[in-house]
Amino acid sequence: MISRSSWCRSMNPSDDWPDCAVMLSAIYDFSDWTPPTGQTVTDPDFVHFGMRNYAQVQNPINVSTLANLALNPVNLVPGAIAHGFKPIYMINSYGDHPAAYHQLVTMVCLLQSSGLSEGSEYRYLTIPGSFHSFSYWGSSDGTGNDCNGSDCTVGDDVIGFLLSHAIGLP
């Protein structure tokens with residue numbers, strides 16, 4: 001939950017915890033190297049960008065080491081709950097890469113099994129296509145919701161979430 005995330009900082013200067021987070025095509029489990037939809041091997045960008053840049057793991061990469069990393073996002077959930085879970089919004093695409101589509105499904109299942117509530121504590125959206133979800137910023141989110149007379153875009157969703165949770169606007 002470090003890179004490829006949009007963090008919103010608290011309005012209270014003495015509080016350095018984020019009020020909320022938005023993840024676009026994030027990697028949620030560094031140890032899960034299952035290939036993206038439609039591919040038969042792990043995306044080389046997952047290894048390069050995901051493991052070296054996000055997880056900061058040098059060669060050789062050991063999957064069991066990745067599973068136990070303190071900063072592996074799936075390992076952060078219990079601590080976040082214990083310290084007051086903040087709302088998150090996770091967005092990906094069906095053919096996403098290097099973060100495979102099922103990475104989001106894994107995180108949603110973890111949040112559900114941890115007792116968190118969809119809607120108030122987390123939201124997620126999977127959009128059609130095979131690009132990084134930021135590539136769809138100006139595209140319809142596929143929900144059919146209306147935003148000022150036209151379909152809502154991924155950008156509308158993200159900005160609305162941030163305004164609501166960081167600033168408190170409806």
Side-chain angles (χ1 to χ4, degrees), residues 1-9 17-39 42-43 45-57 61-137 141-143 152 154-162 164-166:
M1 291 186 197
I2 305 165
S3 288
R4 292 195 187 185
S5 301
S6 297
W7 292 99
C8 40
R9 292 287 172 202
W17 289 89
D19 286 332
C20 60
V22 174
M23 280 72 77
L24 301 170
S25 298
I27 296 171
Y28 299 103
D29 185 353
F30 296 148
S31 65
D32 184 352
W33 289 33
T34 305
T37 305
Q39 295 186 18
T42 299
D43 189 318
D45 284 344
F46 177 85
V47 177
H48 177 75
F49 296 116
M51 299 307 102
R52 292 193 185 91
N53 292 356
Y54 294 169
Q56 309 241 334
V57 174
I61 296 173
N62 179 313
V63 173
S64 63
T65 299
L66 295 172
N68 295 312
L69 277 177
L71 289 178
N72 189 357
V74 294
N75 296 339
L76 295 173
V77 172
I81 292 171
H83 289 94
F85 194 84
K86 303 294 179 134
I88 58 173
Y89 190 14
M90 304 166 289
I91 303 172
N92 72 347
S93 67
Y94 282 110
D96 218 331
H97 62 87
Y101 158 77
H102 75 276
Q103 288 266 344
L104 176 72
V105 175
T106 298
M107 182 56 93
V108 167
C109 290
L110 175 62
L111 297 173
Q112 287 173 344
S113 68
S114 297
L116 295 173
S117 300
E118 181 183 350
S120 60
E121 295 172 301
Y122 71 91
R123 290 178 56 195
Y124 66 95
L125 174 68
T126 298
I127 50 182
S130 60
F131 297 112
H132 183 284
S133 54
F134 190 76
S135 297
Y136 298 102
W137 187 263
D141 63 10
T143 64
C152 292
V154 171
D156 291 329
D157 293 343
V158 169
I159 291 169
F161 180 86
L162 295 174
S164 174
H165 294 285

* Side-chain touch M23/Y28, heavy atoms, less than 4.5 angstrom -> yes
* Which value, rounded to the nearest 0.5 Å, describes the distance between E121 atom CD and H165 atom NE2? -> 10.5 Å
* Asked: Are V77 and I81 side-chain neighbours, meaning at least one heavy-atom pair lies under 4.5 Å?
  -> yes
* Heavy-atom pair of closest approach, residues Y101 and S93 -> CB-O, 4.0 Å
* Looking only at non-hydrogen atoms, find the nearest pair between M90 and L111 and report the distance. => CE-CD1, 3.7 Å
* Does some side-chain heavy atom of I27 sit less than 4.5 Å from a side-chain heavy atom of P73? -> no
* To do: Working to the nearest 0.5 Å, report the span between CG of L116 and CD1 of I88.
  => 8.0 Å
* Can any side-chain N or O of S25 pair as donor or acceptor with the backbone N or O of S133 at less than 3.5 Å? -> yes
* For residues P18 and K86, determine if any side-chain heavy atom of one lies less than 4.5 Å from a side-chain heavy atom of the other. => no
* Would you name the heavy atoms of A100 and T34 that are closest together and state the gap between them? => CB-O, 3.8 Å
* Would you say the side chain of L104 lies within less than 4.5 Å of the side chain of D96, judging by non-hydrogen atoms? -> no
* Determine, step by step, whether V108 and E118 satisfy the side chain to side chain contact (heavy atoms under 4.5 Å, CB included) criterion, reporting the C-alpha distance in whole Å, the side-chain angles of both residues, the deciding distance to 0.1 Å, and the verdict. => CA-CA 9 Å; V108 167; E118 181 183 350; 5.9 Å; no
* Measuring from F30:CZ to L69:CG, what's the distance to the nearest 0.5 Å? -> 7.0 Å
* Are the side chain of D141 and the backbone of I127 linked by a donor-acceptor contact shorter than 3.5 Å? -> no
* Run the numbers on N92 and Y124 for side chain to side chain contact (heavy atoms under 4.5 Å, CB included), then give the verdict. => CA-CA 8 Å; N92 72 347; Y124 66 95; over 6 Å; no
* **V154 side chain near F134 side chain, heavy-atom distance below 4.5 Å** => no
* Asked: Any donor-acceptor pair under 3.5 Å linking the side chain of T106 with the backbone of H102?
  -> yes
* Taking the side chain as every heavy atom from C-beta outward, state whether W137 and V158 have any atom pair closer than 4.5 Å. => yes
* Side chain D29, main chain V74, donor-acceptor under 3.5 Å -> no
* Structure fact -> Output for pair (L125 CG, Y136 OH), nearest 0.5 Å, gives 11.5 Å
